[in-house]
Amino acid sequence: MASLIEIRDALALQGRLDATQISQQLATPLPLVNAMLGRLEAMGKAMRITEDPSDCLTGSCKSCPEGKKCVREVWALKA
């Protein structure tokens, strides 16, 4: 089971990761990783970044009913 420090270190080494990648990399359940990321965010150590879909060919993802499936949420350390 991973600690807050291990999650912080993973973000420091990789730059940006999503919660699923962290969960797999550290062999920790996804709900626990999400809770720890939320805690790091509350402590001011990490920030949530929402990336717009880069593979949208029409540019209409925001009005698409399934447009939110394309949006990727990643985490990074605060500078």
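A quick note: this is a predicted structure, and the numbers were derived from the prediction, not measured.
Contact record, W75 with L11: O-CD2, 3.3 Å, taken as the closest heavy-atom pair. Nearest heavy-atom pair, S23 versus P29, reported as atom, atom and distance to 0.1 Å: OG-C, 3.8 Å. The shortest non-hydrogen separation linking M36 to I7 is SD-CD1, 3.3 Å.
With a 4.5 Å cut-off on side-chain heavy atoms, V33 and L26 do not count as touching. Proximity of R48 to E73: side-chain heavy atoms (C-beta onward) are separated by under 4.5 Å at one or more points. Under the 4.5 Å side-chain criterion, counting only non-hydrogen atoms from C-beta, Q14 is in contact with Q25. For the pair I22/L37, a side-chain contact is recorded, criterion being any heavy-atom separation below 4.5 Å from C-beta on. Contact annotation: the side chain of R72 never approaches that of T50 to less than 4.5 Å [non-hydrogen atoms, C-beta and beyond].
Although no hydrogens or angles enter the test, the distance criterion places a donor-acceptor pair under 3.5 Å between the side chain of T28 and the main chain of A2. With Q24 contributing its side chain and Q21 its backbone, the two residues share no donor-acceptor pair below 3.5 Å.
The CG atom of L77 sits 7.5 Å away from atom CZ of R8, with the distance rounded to the nearest 0.5 Å. Between M43 atom CE and K78 atom NZ the span is 12.0 Å, to the nearest 0.5 Å.
Note: the hydrophobic cluster containing I49 does not contain L17 (ILVMFWY, side chain heavy atoms under 4.5 Å, direct or indirect links).
No more than 12 heavy atoms of other residues, nucleotides or ligands shown are found within 6.0 angstrom of CD1 on I5.
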